[in-house]
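This report concerns only the one structure given below.
None of these values were measured; they are calculated from a predicted model. The analysis underlying the following values was restricted to heavy atoms, covering all of them including side chains, and did not include hydrogens, waters or symmetry mates.
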Amino acid sequence: MLVDGFLAPTGNCTGIPDLYSGKRHSSGMNVQAVPNLAGRLLDSGLPVPGARHDSKALAESGTADRWANHLRPGGPGMLADLGYLGTAAITGTRKPRGGELGDVRRACNQRSQHPRRSRTSNRAPGQWKSSTPAGADALPTSPTSYYGSRTS
C-alpha cells in the first residue's frame, strides 16, 4: 500500500482560514489517498485544510485509524514519502544536516521510496477526482459546508 496527499483546489476562499497551502501556493483541501501498488484507489480520508502537513493530515483525516493494521509494528506496512516521517509509514531517509546520504541509502530512496514520483501514486488522485469513491456523499461539497459559516 501507498499513502500520499494531494491538494484538492477550492478556488480563492479568502474568508476561510487554513485553506492556503504555502507549499503549493494555492487554496484547497488536503486529501489523503491510499492506492494499491497497481495504482487503484482503495481509500481516501476526509479532507482537511490545505495548510496541514501530510503527517498531521494522515491522522486528522481518519486514514491512519482505518489503516492502523498496516501501520502497526510487524504489520504489512505502507510506503510514503518524507512528508510522513514520524508516522509508522515506511519512508525514505532524510539527508543529514551538512552531510550527504551514502550510496546505499540514496539508492534505496530512489528505488523504493518517493511514491509521489511513481506512476502508481500519481494515478490515484486523478482517479479519485474523476470518479465517485465509496462514501463520497459524506464529503463536504464546499469549504463553507466543511467549516460552517465562520470567517476570519
Side-chain angles (χ1 to χ4, degrees), residues 1-95 97 108-110 112-152:
M1 299 302 138
L2 303 170
V3 63
D4 203 5
F6 67 93
L7 190 71
T10 58
N12 188 8
C13 299
T14 57
I16 302 172
D18 296 333
L19 287 184
Y20 186 76
S21 169
K23 176 182 176 184
R24 296 179 184 98
H25 304 289
S26 181
S27 293
M29 303 291 277
N30 183 329
V31 179
Q32 298 296 302
V34 180
N36 63 14
L37 295 176
R40 183 180 171 100
L41 183 66
L42 302 176
D43 190 16
S44 64
L46 290 174
V48 297
R52 297 288 188 278
H53 191 274
D54 278 340
S55 60
K56 188 172 182 179
L58 181 68
E60 288 183 6
S61 69
T63 307
D65 292 336
R66 286 192 303 278
W67 292 89
N69 187 41
H70 281 262
L71 295 171
R72 69 176 167 74
M78 292 184 95
L79 291 175
D81 61 25
L82 293 176
Y84 295 89
L85 286 172
T87 66
I90 301 165
T91 63
T93 304
R94 183 179 285 168
K95 183 176 84 168
R97 181 175 285 171
C108 288
N109 277 357
Q110 291 171 352
S112 64
Q113 297 303 312
H114 306 297
R116 182 181 312 245
R117 293 183 191 160
S118 73
R119 291 186 193 142
T120 56
S121 175
N122 286 332
R123 278 192 302 237
Q127 177 186 0
W128 185 84
K129 288 189 251 184
S130 65
S131 66
T132 305
D137 53 340
L139 297 176
T141 55
S142 71
T144 305
S145 66
Y146 180 77
Y147 283 107
S149 60
R150 73 178 193 191
T151 59
S152 56

Nearest non-hydrogen partners of Leu41 and Ala33, listed with the distance = CD1-CB, 3.9 Å

remark   = d(Asn36 CG, Met1 CE) to nearest 0.5 Å is 6.0 Å

query = Which value, rounded to the nearest 0.5 Å, describes the distance between Asp4 atom CG and Asp81 atom CG?
reply = 5.0 Å

key: Spacing of CG belonging to Leu58 relative to OG1 belonging to Thr87, to within rounding of 0.5 Å   = 6.0 Å

query = Would you say the side chain of Trp67 lies within less than 4.5 Å of the side chain of Val3, judging by non-hydrogen atoms?
reply = no

query = Between atom CE of Met29 and atom CG of Leu7, what is the distance when rounded to the nearest 0.5 Å?
reply = 9.5 Å

key: Smallest separation among heavy atoms of Val31 and Ala8, with atom names   = CG2-CB, 4.2 Å

request  = State the OH-NE2 distance between Tyr84 and His53, to the nearest 0.5 angstrom.
outcome  = 9.0 Å

Interatomic spacing from CD in Gln32 to CG in Leu46 - rounded to 0.5 Å = 11.0 Å

query = Hey, does the side chain of Arg66 reach the backbone of Ser44 with a donor-acceptor pair shorter than 3.5 angstrom?
reply = yes

query = At their closest point, which heavy atom of Ala59 faces which heavy atom of Ala64, and how far apart are they?
reply = CA-CB, 4.1 Å

query = Under 3.5 Å, is there a donor-acceptor pair between the side chain of Asn30 and the main chain of Arg52?
reply = yes

task = Looking only at non-hydrogen atoms, find the nearest pair between Gly83 and Asp54 and report the distance.
result = O-CB, 3.9 Å

